[in-house]
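Some notes on the structure that comes next.
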Amino acid sequence: MRAFNRWRLLWAYLRGECNVAARPVEYIVETTAKCNIYCPMCPRETHKQPKEDMADPVFSRLVQQSGPTAEHMMLIGLGEPLLDNAIFDRITYCHQHGISTLLSTNGTLLDEAASRKLLATPVEHITLSMDSMDKATYEFYRKGAKFERVRDNFLRFCELKHQLKAKVQVVVQMVRMERNQHEVESFLQFWSAVPGVDAVRVKEDETDLMRPDAGHESAEWTHSCHYLWRGPMYVKQSGEVYPCCQSYMLDGAPVGNIGTQDLGNIFNSPAMQDLRAKHVSGRAGEIEMCSKCRVTIPHPVMVAGSMIFHGRTVRRLLPWIERLGRRWMKPPHRLIKDRHEELVQIERP
């Protein structure tokens with residue numbers, strides 16, 4: 001079923017079909033909107049969030065309706081997942097429906113008990129967000145977090161993962177910004193030497209708070225954005241569904257609510273079909289949220305690969321794809337003008 005769904009997605013994408021006889025393979029699901037720290041680069045600073053978790057019926061409805069075709073869900077959003085008391089049960093629930101799960105944490109709550117509990121779940125990928133190895137810089141970007149505590153939490157988690165021989169893929173990530181960009185080499189060296197770490201990732205800031213003039217110029221939209229076909233769709237804590245991973249943060253409008261509407265109808269709603277039509281016709285730059293987007297536009301050849309293979313395989317191949325396929329991935333114009341370095345990701349041997 002999932003393989004057939006991917007082929008139908010690929011066929012619809014290549015043919016520029018706006019009404020898609022398939023469903024996304026990937027979702028970003030905000031199981032909680034609560035967070036315990038403040039970060040200047042986070043959209044929470046401009047988009048006020050309720051201190052609430054996603055209701056169980058809403059989450060169950062999403063998993064049940066997407067289960068036959070969904071390949072993985074990233075249980076993240078504008079909240080800290082470990083503040084969701086049901087997060088461990090939600091991971092298991094997805095697994096029971098054949099959906100792999102990914103998590104990203106700021107590490108403030110990742111003590112030994114939480115680490116052991118998380119490693120006992122079927123979660124397949126965890127990103128540990130650590131934006132600096134310098135106390136002052138880290139605490140500037142992660143206000144409310146204590147550098148030593150988070151660093152030690154991450155080191156202990158990686159050690160436990162290594163000791164327990166857990167299969168979860170662990171990635172330590174730094175978002176490159178003005179105050180930490182000189183740390184890239186030392187960051188890579190430190191974390192790549194830690195047992196239990198599978199990859200170290202340094203990526204560009206994809207929000208519009210630190211660099212409001214970044215984005216794609218109209219002339220750059222030579223290829224349709226595959227997110228509108230493959231996903232991820234972004235599901236807010238409230239159940240509101242947004243077209244892609246960036247749309248909410250860029251003030252896009254929801255295209256439905258999974259709490260009250262059918263997922264298939266949301267995916268092919270008039271709003272979604274209109275977005276696809278503009279991309280297919282080369283008019284994506286007319287869409288405000290798309291013109292402000294910082295996400296790299298991949299070549300259709302790379303998109304095809306992401307739809308031919310299962311999401312789990314795509315995730316495992318991603319480090320090599322990002323290193324070898326740079327000429328097939330076009331960054332936003334502002335990143336080109338600033339001559340920022342390419343995303344760096346190294347895989348442990």
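- Remark: Lys143 is not positioned above the aromatic ring of Tyr141, lacking an NZ or CZ atom under 6.0 angstrom from the ring centre and at most 45 degrees off the axis.
- Side-chain atoms of Thr108 and Asn106 include a donor-acceptor pair closer than 3.5 Å.
- Scanning all heavy atoms of the two residues, the minimum distance from Pro243 to Leu275 falls at CG-CD1, 3.6 Å.
- Across Cys18 and Gln273, no two heavy atoms sit closer than the pair O-CG, 3.2 Å.
- Using a 4.5 Å heavy-atom threshold, the side chains of Pro81 and Ile76 count as touching.
- Remark: Lys117 NZ is loosely packed, at most 12 non-hydrogen atoms of other residues, nucleotides or ligands lying under 6.0 Å away.
- Considering only residues two or more places apart in sequence or on other chains, Ser269 meets the side-chain hydrogen bond (donor to acceptor under 3.5 Å, both in side chains) condition with none of them.
- Note: the hydrophobic cluster containing Phe88 also contains Val29 (ILVMFWY, side chain heavy atoms under 4.5 Å, direct or indirect links).
- Across all non-hydrogen atoms, the minimal contact from Tyr27 to Leu263 is OH-CD2, 3.3 Å.
- Not one N or O on the side chain of Arg2 forms a donor-acceptor pair closer than 3.5 Å with the backbone of Val25.
- In the displayed structure, Lys146 atom NZ is contacted under 6.0 Å by at most 12 heavy atoms of other residues, nucleotides or ligands.
- With contacts defined as side-chain heavy-atom distances shorter than 4.5 Å, the pair Arg179/Ser132 does not qualify.
- Residues His162 and Val194 are not in side-chain contact: their nearest non-hydrogen atoms beyond the backbone lie 4.5 Å or more apart.
- In this structure, Ala304 and Leu10 approach most closely via the heavy-atom pair CA-CD1, 3.6 Å.
- Residues Gln65 and Ile266 have side chains not in contact (no heavy-atom distance under 4.5 Å, counting atoms from C-beta outward).
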- Where do Arg156 and Asp152 land on the salt bridge (Lys or Arg N to Asp or Glu O under 4.0 Å) test, with the steps shown first? CA-CA 6 Å; Arg156 181 180 52 243; Asp152 293 347; over 6 Å; no
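- Distance alone, capped at 3.5 Å, places no donor-acceptor pair between the Tyr242 side chain and the Met249 backbone.
- In this structure, Arg276 is positioned above the aromatic face of Phe267, its NZ or CZ under 6.0 Å from the six-membered ring centre and within 45° of the axis.
- Between Val170 and the choices Trp191, Phe157, Phe154, the side chain to side chain contact (heavy atoms under 4.5 Å, CB included) rule is met once, by Phe157.
- The CZ atom of Arg90 lies 8.0 Å from the OG atom of Ser60; values are rounded to the nearest 0.5 Å.
- To the nearest 0.5 Å, atoms CG (Leu110) and CG (Leu118) are separated by 6.5 Å.
- Screening residues 159-171 for salt bridge (charged side-chain N to carboxylate O under 4.0 Å, His left out) gives Lys161-Asp198 as the qualifying pairs, with residues at least two apart or on separate chains.
- Side chains of Met73 and His97 form no contact here, defined as non-hydrogen atoms less than 4.5 Å apart.
- Results of the side chain to side chain contact (heavy atoms under 4.5 Å, CB included) test with Tyr227 over Cys293, Pro24, Ser247, Cys244 single out Cys244 as the only residue that passes.
- Trp7 and Leu9 fall within the same hydrophobic cluster, defined by Ile, Leu, Val, Met, Phe, Trp and Tyr side-chain heavy atoms under 4.5 Å apart, directly or through other members.
- Between Arg230 and Glu26, the closest side-chain pair of non-hydrogen atoms falls below 4.5 Å.
- Residues Leu83 and Ile37 fall into different hydrophobic clusters, defined by Ile, Leu, Val, Met, Phe, Trp and Tyr side chains chained together at heavy-atom separations under 4.5 Å.
- Between Phe59 and Tyr93, the ring planes are tilted. Angles from 30° to 60° get that label.
- What you find for Ile126 and Leu128 is that their closest heavy atoms are CG2-CD2, 3.7 Å.
- Side-chain atoms of Thr105 and Glu80 form a donor-acceptor pair, as typed in the model, at a separation below 3.5 Å.
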- Task: Using the side-chain contact (heavy atoms from CB on, under 4.5 Å) rule, take Val241 and Gln261 through it: C-alpha gap first, then chi angles, then the decisive distance, then the call.
- Result: CA-CA 10 Å; Val241 181; Gln261 296 173 269; over 6 Å; no
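- In terms of modelled atom types and a separation under 3.5 Å, the side chain of Gln49 and the main chain of Gly79 share no donor-acceptor contact.
- Hydrophobic clustering, with ILVMFWY side chains joined whenever heavy atoms are under 4.5 angstrom apart, keeps Tyr38 apart from Leu109.
- Side-chain contact between His125 and His72 is absent, with no heavy-atom pair separated by less than 4.5 Å.
- Taking the six-membered ring for Trp and thresholds of 30 and 60 degrees, Tyr248 and His47 have ring planes inclined between 30 and 60 degrees apart.
- With 3.5 Å as the limit, one finds no donor-acceptor pair spanning the side chains of Tyr234 and Gln246.
- Of all heavy-atom pairs between Met307 and Arg6, the closest is O-CB, 2.9 Å.
- Residues Asn265 and Met272 are not in side-chain contact: their nearest non-hydrogen atoms beyond the backbone lie 4.5 Å or more apart.
- In this structure, CG in Leu103 is found 5.0 Å from CD1 in Ile91, a value given to the nearest 0.5 Å.
- Within a 6.0 Å sphere centred on CD of Glu288, other residues, nucleotides and ligands contribute 12 heavy atoms or fewer.
- Atom OG1 of Thr137 is separated from atom CE of Met174 by 10.0 Å, given to the nearest 0.5 angstrom.
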